[in-house]
Chemist: 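After the C-alpha cells below, expect a handful of questions from me.
What you are looking at is a predicted structure, and each value in this text was computed from that prediction instead of being measured. First the proteins, then the strands, lettered A, B, ... as listed; each starts at 1.
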Amino acid sequence: MHKNGVPPSAFTFSSVLSACGRLPAIQEDRDVVSWTAMVAGFAKAGLMKDARRVFDEMPERNVVSWTAMVAGYANSGEVSAAREIFDEMPEKNAVSWTAMIAGYGKCGDVRGARQVFDEICVPDPTSRAAMIACYAQNGFSNEAIEMYWEMRSLNVKANEVAMVGVISACMQLGDPVIANSIAKHMEGRPSELTLVSANALISMYAKCSSIDHALRLFDNMPEKDIISYTALITGLADHGRAQEALEFFDEMQKAGIMPNQITFVGVLNACSYVGMVDEGYAYFEQMTHTFGIIPLTEHYACMVDLLGRAGRLKEAHGLIESMPGAPDAGVWGALLGACKVHCNAELGEIAARHLFEIEPDNTGNYVLLSNIYASLNRWDEAERVRKMMRERGMSKSPGCSWISR
DNA sequence: GTAATAGAGC
C-alpha cells in the first residue's frame, strides 16, 4: 500500500521541477553527480519517463545513475525494463545486484531473482538480505531460512532486512522451534531491535510461540506504529482474546494512530471469534462511516464469518447479496464453512455453486459440500458430489490434489 | 543509488 503512494520527498522534488516549468534547461557544465541526482529523484518518485529522458540526455553516467534506473523500473513494476538497463550496465556493484534481485522479488519471479543472485561472484550481505526477503515475500520460507543459516555459518552478519525476512519466513512456517531459534539471535541484542523488526517479531510470536510473548515485546517497545498495533490486535483475535484486542484498538486511537483496512480485518475477526455480532456490525459501520474506509471483500468475508459462526446464515447470505461488488471465493468460502458447522445444505449448495465456478480446481469445496450432505445423512447427494469431483478429474486426498488432463 | 514488517473461509 505504502509503496504505491508517492513519498513526500518525491512531491517536493517534482513540485520544484514543475515550478521551474518542466525540465530545467540542460547545461553542459552540470557534472555527473547532479545529473545522477536528478535521475534518482525522478526514479524515486516513480516518474520513469522523466528519469529516462534525463538518463538518455546526460553526457556521462556512473554506476549510481545506472542503478537508480534499475531500481526505479523495478519499483514501478517494470522488471523487463529494469533488466534491460541492468544488462547494459558497463559495471555493476552490490547495490545494482540488490536492486535487480528486489525487482524480481516484487513481481514474484523468485527464479529470476535467484539467477541474478547466482551470477554474483561474492554476494555481499545486502544482496543476501534482498534474496532472503524475496524468498520470504513469495512464500519460500524454507529457502529463506536456509539462506539465513548459510549466512551465519559463513560468519556474515545479517542486517536488519535479512532479519526481518527470516522472521517473516518463520512466521509463515508456524514452527515454534525454528521461531525460537531465530528469536534468540534477536534477543541477544535488544538495542538493535528496530521498529520494523520488532513488528515482525510480534507477528511471529503471536503465530508461532505465544501471544503473551508478543504482548511483552509490544509493552517494551519505545515506539509503536500502526503495524505494531495491527499485528498485536490480529494475534489477540486469533487467540480468541477479543476483549484485549478491542482494548488495544482503543488504545491505538488514543495514541493518535488511525486504523486502516488491515486493522479492521483483525478487529472483525476478534468479534467473530467470540460471537460478538452486534459489536461486529458496529465496527463495520465505524470503519465505513467514521474512518471512510471502503470495505474490501475481505471485510465482507469477516462479516459473513461472524454471522455464519453465530448461526445467522440467512443474514450472512443476505449480506453477500447486498455487496456492491462481486463476492470472491473468500466470501463464499466463509459461508460454505459456516454451512458445514451448522449443517445447512441449502445455503451450502448456493455457496458451493459459486465456488465451483470461481475456483474449479479447489477440491476442498467439493469435500465440504459432500460432508454437509453426509452430516445430514443425505448419502446419495454426498456421493453425487464426490462423483462430480472424480468426473472433473480431481483427487479428494489433500496430499495429492493433482488435476488430470 | 539498494533491501524490510500487519490481512478472511475450508
Chemist: For the residue pair Tyr104(A) / Gln115(A), report whether a side-chain donor-acceptor contact shorter than 3.5 Å exists.
Modeler: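 The criterion, which ignores hydrogens and geometry beyond distance, is not satisfied for Tyr104(A) and Gln115(A).
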
Chemist: Please list, in numerical order, the residues of residues 271-285 of chain A that have a heavy atom closer than 4.0 Å to any atom of DNA chain B.
Modeler: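 Here the set is empty: none.
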
Chemist: Using only side-chain N and O atoms of Gln137(A), determine if any of them is under 4.0 Å from OP1 or OP2 of dA4(B).
Modeler: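 Result: yes.
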
Chemist: Is it true that Asp212(A) and Arg241(A) have a side-chain N and a carboxylate O under 4.0 angstrom from each other?
Modeler: yes

Chemist: Are Arg83(A) and Asp87(A) close enough for a salt bridge, meaning some N to O gap below 4.0 Å?
Modeler: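 Yes.
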
Chemist: To the nearest angstrom, how far is Glu359(A) atom CD from dC10(B) atom P?
Modeler: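 Value for this atom pair: 13 Å.
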
Chemist: Figure out the NE2/P separation between His354(A) and dG9(B), and round it to whole Å.
Modeler: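 For the pair His354(A) NE2 and dG9(B) P, the rounded distance is 21 Å.
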
Chemist: Looking at Lys340(A), I'd like to know whether one of its side-chain N or O atoms comes within less than 4.0 Å of OP1 or OP2 on dG9(B).
Modeler: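 False: Lys340(A) side-chain N/O out of range (4.0 Å or more) of dG9(B) OP1/OP2.
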
Chemist: Just to be sure I understand the geometry, which residues of residues 218-226 of chain A put a non-hydrogen atom under 4.0 Å away from DNA chain B?
Modeler: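 Result for residues 218-226 of chain A: none.
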
Chemist: Scan Leu335(A) against the nucleic acid and name what it touches under 4.0 Å (heavy atoms): base, sugar-phosphate only, or nothing.
Modeler: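 No contact at all - Leu335(A) keeps every heavy atom at 4.0 Å or more from the nucleic acid.
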
Chemist: Using atom CG of Asn365(A) as one end and atom C1' of dC10(B) as the other, report the distance to the nearest whole Å.
Modeler: 7 Å

Chemist: Suppose we screen for side-chain contact (heavy atoms from CB on, under 4.5 Å). Which residues come up paired with Asp225(A), at least two apart in sequence or across chains?
Modeler: Leu195(A), Asn199(A), Ile227(A), Ser228(A)

Chemist: Give the nucleotide from the list dA6(B), dA8(B), dG1(B) with an atom nearest to the side chain of Asn269(A).
Modeler: dA8(B)

Chemist: Run the salt-bridge test on Asp118(A) and Arg114(A) with the 4.0 Å N-O cut-off and return the result as yes or no.
Modeler: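 Looking at Arg114(A) together with Asp118(A), the answer is yes, because their closest N to O distance falls below 4.0 Å.
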
Chemist: Would you indicate which nucleotide in dG7(B), dT2(B), dT5(B) comes nearest to any side-chain atom of Val95(A)?
Modeler: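 Ranking dG7(B), dT2(B), dT5(B) by closest atom to the Val95(A) side chain puts dT2(B) first.
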
Chemist: Would you give me the side-chain donor-acceptor pairs under 3.5 Å for residues 325-341 of chain A, sequence neighbours excluded?
Modeler:
residue, atom, partner, partner atom, Å
Asp328(A), OD1, Gly330(A), N, 3.2
Asp328(A), OD1, Val331(A), N, 3.1
Asp328(A), OD2, Thr297(A), OG1, 3.1

Chemist: Please classify the nucleic acid contact of Ala329(A) as base, sugar-phosphate, or nothing, using heavy-atom distances under 4.0 Å.
Modeler: base

Chemist: Could you tell me how far apart Leu193(A) (CG) and dA4(B) (C1') are, to the nearest whole angstrom?
Modeler: 14 Å

Chemist: Which part of the nucleic acid, if any, lies within contact of Met171(A), taking any heavy atom under 4.0 Å across all strands shown: a base, the sugar-phosphate backbone alone, or nothing?
Modeler: sugar-phosphate

Chemist: Nearest to the side chain of Val164(A), which nucleotide is it out of dT5(B), dA3(B), dG1(B)?
Modeler: dT5(B)

Chemist: I want to check one thing: is the phosphate of dA3(B), taken as OP1 and OP2, less than 4.0 Å away from some side-chain N or O of Asn75(A)?
Modeler: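 Result: yes.
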
Chemist: Could you tell me the separation between the CZ atom of Phe356(A) and the C1' atom of dC10(B), rounded to a whole number of Å?
Modeler: 12 Å

Chemist: Given dT5(B), dC10(B), dG1(B), which nucleotide is nearest the side-chain atoms of Asn362(A)?
Modeler: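 From the listed options, dC10(B) comes nearest.
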
Chemist: Would you kindly give the CZ-to-P distance between Phe264(A) and dA8(B), to the nearest whole Å?
Modeler: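 Distance check: Phe264(A) CZ to dA8(B) P gives 16 Å.
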
Chemist: Identify, with sequence neighbours excluded, every residue that meets side-chain contact (heavy atoms from CB on, under 4.5 Å) alongside Arg61(A).
Modeler: Phe55(A), Asp56(A), Met58(A), Ser65(A), Trp66(A)

Chemist: I need the CD1-P distance between Ile101(A) and dA3(B), as an integer number of Å.
Modeler: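 To the nearest whole Å, that distance equals 11 Å.
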
Chemist: Just jot down the side-chain contact (heavy atoms from CB on, under 4.5 Å) partners of Trp149(A), sequence neighbours excluded, or say none.
Modeler: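 side-chain contact (heavy atoms from CB on, under 4.5 Å) list for Trp149(A), sorted by chain: Ile145(A), Arg152(A), Ser181(A), Ile182(A), His185(A).
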
Chemist: Got a salt bridge between Lys49(A) and Glu78(A), using NZ or NE/NH1/NH2 to carboxylate O under 4.0 Å?
Modeler: no

Chemist: Ala99(A) has a side chain; which of dA4(B), dA6(B), dT2(B) sits nearest to it?
Modeler: dT2(B)

Chemist: Donor-acceptor pairs are to be reported for all side-chain atoms of residues 275-286 of chain A against protein atoms at under 3.5 Å, with residues two or more places apart or in another chain.
Modeler:
residue, atom, partner, partner atom, Å
Tyr281(A), OH, Glu315(A), OE2, 2.9
Glu285(A), OE1, His289(A), ND1, 3.1

Chemist: Return each pair, listed once, that meets salt bridge (Lys or Arg N to Asp or Glu O under 4.0 Å) where at least one residue sits in residues 127-146 of chain A; pairs must be two or more places apart or across chains.
Modeler: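 Applying salt bridge (Lys or Arg N to Asp or Glu O under 4.0 Å) to every pair that reaches into residues 127-146 of chain A, excluding sequence neighbours, yields Arg128(A)-Glu150(A).
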
Chemist: What nucleotide, of dG7(B), dT5(B), dG1(B), holds the atom closest to the side chain of Ala68(A)?
Modeler: dG1(B)

Chemist: Picking from dA3(B), dC10(B), dG1(B), which would you name as closest to the side chain of Val64(A)?
Modeler: dG1(B)

Chemist: Show which side-chain atoms of residues 364-372 of chain A pair as donor or acceptor with protein atoms under 3.5 Å away, not counting sequence neighbours.
Modeler:
residue, atom, partner, partner atom, Å
Asn365(A), ND2, Glu359(A), OE2, 2.8
Tyr366(A), OH, Arg392(A), NH1, 2.6
Ser370(A), OG, Ala382(A), O, 3.2
Ser370(A), OG, Arg386(A), NE, 3.0
Asn371(A), OD1, Arg386(A), NH2, 3.3
Asn371(A), ND2, Val367(A), O, 3.4

Chemist: Between dA3(B), dG7(B), dG9(B), spot the one nearest the side chain of Glu298(A), thanks.
Modeler: dG7(B)

Chemist: Val196(A) side chain: which of dA3(B), dT5(B), dG1(B) is closest?
Modeler: dT5(B)

Chemist: Looking at dA6(B), I'd like to know if its phosphate oxygens (OP1 or OP2) sit under 4.0 Å from a side-chain N or O belonging to Lys207(A).
Modeler: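 Indeed not, no polar side-chain atom of Lys207(A) lies that close.
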
Chemist: When you measure from the side chain of Thr98(A), which nucleotide among dA3(B), dG9(B), dA6(B) comes out closest?
Modeler: dA3(B)

Chemist: Asp305(A) CG to dG7(B) C1': how many Å, rounded?
Modeler: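 So the two atoms are 13 Å apart, to the nearest Å.
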
Chemist: May I ask you to verify whether the side chain of Asn260(A) and the base of dA6(B) hold a donor-acceptor pair under 3.5 Å?
Modeler: yes

Chemist: Regarding Ala129(A), tell me which of base, sugar-phosphate or nothing describes its non-hydrogen contacts under 4.0 Å with the strands shown.
Modeler: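 Result for Ala129(A) = nothing.
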
Chemist: Describe the nucleic acid contact of Leu368(A) in one word from base, sugar-phosphate, nothing, applying a heavy-atom distance below 4.0 Å.
Modeler: sugar-phosphate

